[in-house]
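So the structure is just underneath, and the comments pick up after that.
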2 protein chains.
Amino acid sequence: MSSKSSIPAPTVKRLSLYLRELEARFSEDGQTVSSQQLGRALGITDAQVRKDLAFVGQTGHPGIGYKANELAHGLRQILGTDRAWRVAVVGAGKLGRALMGYGRFGDKGFDVAAVFDADPKVVGTTVAGHRVRPLQDLESLVAERGIQVGIVATPADAAQQVTDRLVRSGVRGILNFAPIRLNADGCSIVDVDLTLSLEQLVCQVSLGLNRDSA
Amino acid sequence: MSSKSSIPAPTVKRLSLYLRELEARFSEDGQTVSSQQLGRALGITDAQVRKDLAFVGQTGHPGIGYKANELAHGLRQILGTDRAWRVAVVGAGKLGRALMGYGRFGDKGFDVAAVFDADPKVVGTTVAGHRVRPLQDLESLVAERGIQVGIVATPADAAQQVTDRLVRSGVRGILNFAPIRLNADGCSIVDVDLTLSLEQLVCQVSLGLNRDSA
DNA sequence: CGTTGTGAAATGATTCACAGCT
DNA sequence: AGCTGTGAATCATTTCACAACG
């Protein structure tokens, strides 16, 4: 039950990027990687990389760098991608279907364990190998299948209601695609807001700025 | 060619949220809104709201607040959503199709002006009312139709190549869905990275933290 | 050598607190 | 009264710089 005094949010974001880089270019056995190499690949300073890794207890070897596969293993553990996560997708519209078809989730240890929709015409159909269930089965199936994470891919006006039910059912994290601020006590939320991203993009373009991740 | 000394990135993100809140709940004629009202809706302090708005030259009225529709109008201008943006979607796979079906873009002034795909089996089909074009027409169509923004919805290994061609064709902004760091000189980029978002979510869950927008 | 780990300094963002306007 | 605009203070994050290590 030990818990660190909370990792800075920007650091968490970068940890994922380090892991991705390690998996893409430093996955050979016994390979080492320096903070400078990682930093250059991501456009940040080497000091930043070392601070981030030190923060989560990952330690390197002076003169050598970090052992790539040890580091990757440690990062997976911290990020939680070494475990399997069971997720429920709520909303089997265009977005929900695209998400389930997005094979990449499986790689990262996310198993789609249930799919729900409010539309009776959609319920019962099969999407990417999953039978779509009626919303009323949400609570029972989440409990029964030990689902820990919900993906909210409903229209904005249904999102809060769906969220309440997910939270009540014991889900511990929600990935929210609806363009509203969800209230979910005791539950982690990450928002993915396409409209917001596009607005940020055109704002940057208008101002003649450059890169900023969202 | 005057350009402000660059708006802080977190401020830009919030400006979109202010606008959304104004459109949702303060759109009646002559309505006013205080920094406190906006702040509460977004979970931030009133001082923060005032600082943000002051930063982009939006001024309120002591004792009254801000005139809601004036403010909304000003924000649209700053964000660039008062203009129409022509966008090209590259990649007509599941993700690309979901994006085009996502009606909301039209509302915000984004017109899908061309759709491209590398797969000959997909080229020529119609998706959400748009004929899918072969990749080789990219340069000519972008120029011909005055396309300013590209949406990269290709697999990771094609993304950089597509980006190079978009940039060469004169596109000024790119919304990137591929899970890699794109290089696009002189062009704004916003990344939307689903894997990253999910990893952040489960990391938060593992650590027992709460909200953080992505 | 090259590279880590880390205090100290610099930069950036948020909150506080209050003068001044309506 | 209620509310804005903003300098000053606080808090967070990044960068610098260098001692210590293999």
Side-chain angles (χ1 to χ4, degrees), chain A residues 4-18 21-22 26 30-68 70-72 74-75 200 207 209-214, chain B residues 4-18 21-22 26 30-68 70-72 74-75 200 207 209-214:
Chain A
K4 227 6 187 329
S5 54
S6 202
I7 308 172
T11 294
V12 175
K13 198 170 290 188
R14 287 189 299 263
L15 291 179
S16 284
L17 298 173
Y18 300 148
E21 187 67 18
L22 287 171
F26 298 91
Q31 210 165 3
T32 64
V33 58
S34 72
S35 54
Q36 196 175 83
Q37 288 176 300
L38 280 176
R40 242 197 317 253
L42 267 89
I44 60 183
T45 66
D46 53 336
Q48 180 77 81
V49 175
R50 292 196 298 277
K51 273 264 157 79
D52 285 341
L53 297 181
F55 212 103
V56 296
Q58 293 301 306
T59 148
H61 307 275
I64 307 291
Y66 299 80
K67 299 194 175 172
E70 275 181 22
L71 182 53
L75 288 178
Q200 277 175 233
L207 298 169
L209 305 177
N210 272 31
R211 171 176 303 269
D212 175 56
S213 288
Chain B
K4 225 11 187 328
S5 52
S6 202
I7 307 173
T11 295
V12 175
K13 197 170 291 190
R14 288 190 299 264
L15 292 178
S16 284
L17 298 173
Y18 300 148
E21 186 67 19
L22 288 170
F26 299 91
Q31 211 165 3
T32 65
V33 58
S34 71
S35 54
Q36 198 175 81
Q37 288 176 298
L38 279 176
R40 241 195 320 252
L42 267 88
I44 59 182
T45 65
D46 54 336
Q48 181 77 82
V49 175
R50 292 197 296 278
K51 273 264 158 79
D52 285 341
L53 297 181
F55 213 104
V56 296
Q58 292 301 306
T59 147
H61 307 276
I64 307 293
Y66 298 80
K67 299 195 176 173
E70 274 181 19
L71 181 54
L75 288 178
Q200 278 175 231
L207 298 168
L209 305 177
N210 273 32
R211 170 177 304 270
D212 175 55
S213 288

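In what follows, every chain begins at residue 1, and chains take the letters A, B, ... in the order their sequences are listed.
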Rounded to whole angstroms, how far apart are [atom1] on [X] and [atom2] on [N]?
X: B:Asp46; N: C:dC16; atom1: CG; atom2: C1'; answer: 10 Å
X: A:Ile64; N: C:dT3; atom1: CD1; atom2: C1'; answer: 8 Å
X: A:Gln31; N: C:dT3; atom1: CD; atom2: C1'; answer: 17 Å
X: A:Gln36; N: C:dC1; atom1: CD; atom2: P; answer: 16 Å
X: B:Asp52; N: C:dT14; atom1: CG; atom2: P; answer: 7 Å
X: A:Leu71; N: C:dT3; atom1: CG; atom2: C1'; answer: 15 Å

So, is [X] close to the [N] phosphate, meaning a side-chain N or O under 4.0 Å from OP1 or OP2?
X: A:Tyr66; N: C:dG5; value: yes
X: B:Thr45; N: C:dT14; value: no
X: A:Thr59; N: C:dG5; value: yes

Legend entry - Check: A:Lys51 side chain, D:dT15 base, donor-acceptor under 3.5 Å: yes
Inset, instruction - Identify which nucleotide among D:dT14, C:dT22, D:dA17 has an atom closest to any side-chain atom of A:Arg14, counting heavy atoms from C-beta outward. - result: D:dT14
Inset, instruction - State which of D:dG22, C:dA17, D:dT4 makes the closest approach to the side chain of B:Ser34. - result: D:dT4
Legend entry - Earlier contact from the 5' end, DNA chain D, for A:Pro10 and B:Arg50: B:Arg50
Legend entry - Most 5' of A:Gly63 and A:Pro8 on DNA chain D, judged by nearest nucleotide: A:Pro8
Inset, instruction - Select base, sugar-phosphate, or nothing to describe what B:Thr11 touches, counting heavy atoms under 4.0 Å on all strands. - result: nothing
Side-chain heavy atoms of [X] within contact of [Y], under 4.5 Å:
X: B:Arg14; Y: B:Tyr18; result: yes
X: A:Glu21; Y: A:Leu17; result: no
X: B:Leu53; Y: B:Leu15; result: yes

Inset, instruction - Output yes when a side-chain donor or acceptor of A:Gln48 lies under 3.5 Å from a complementary backbone atom of A:Thr45, and no otherwise. - result: no
Inset, instruction - Return the 5'-most residue of the pair A:Gln58, B:Gln48 with respect to DNA chain C, ranking by each residue's nearest nucleotide. - result: A:Gln58
Inset, instruction - Give the C-alpha distance, both sets of side-chain angles, the deciding distance and a yes or no for side chain to side chain contact (heavy atoms under 4.5 Å, CB included) between A:Leu38 and A:Asp52. - result: CA-CA 12 Å; A:Leu38 280 176; A:Asp52 285 341; over 6 Å; no
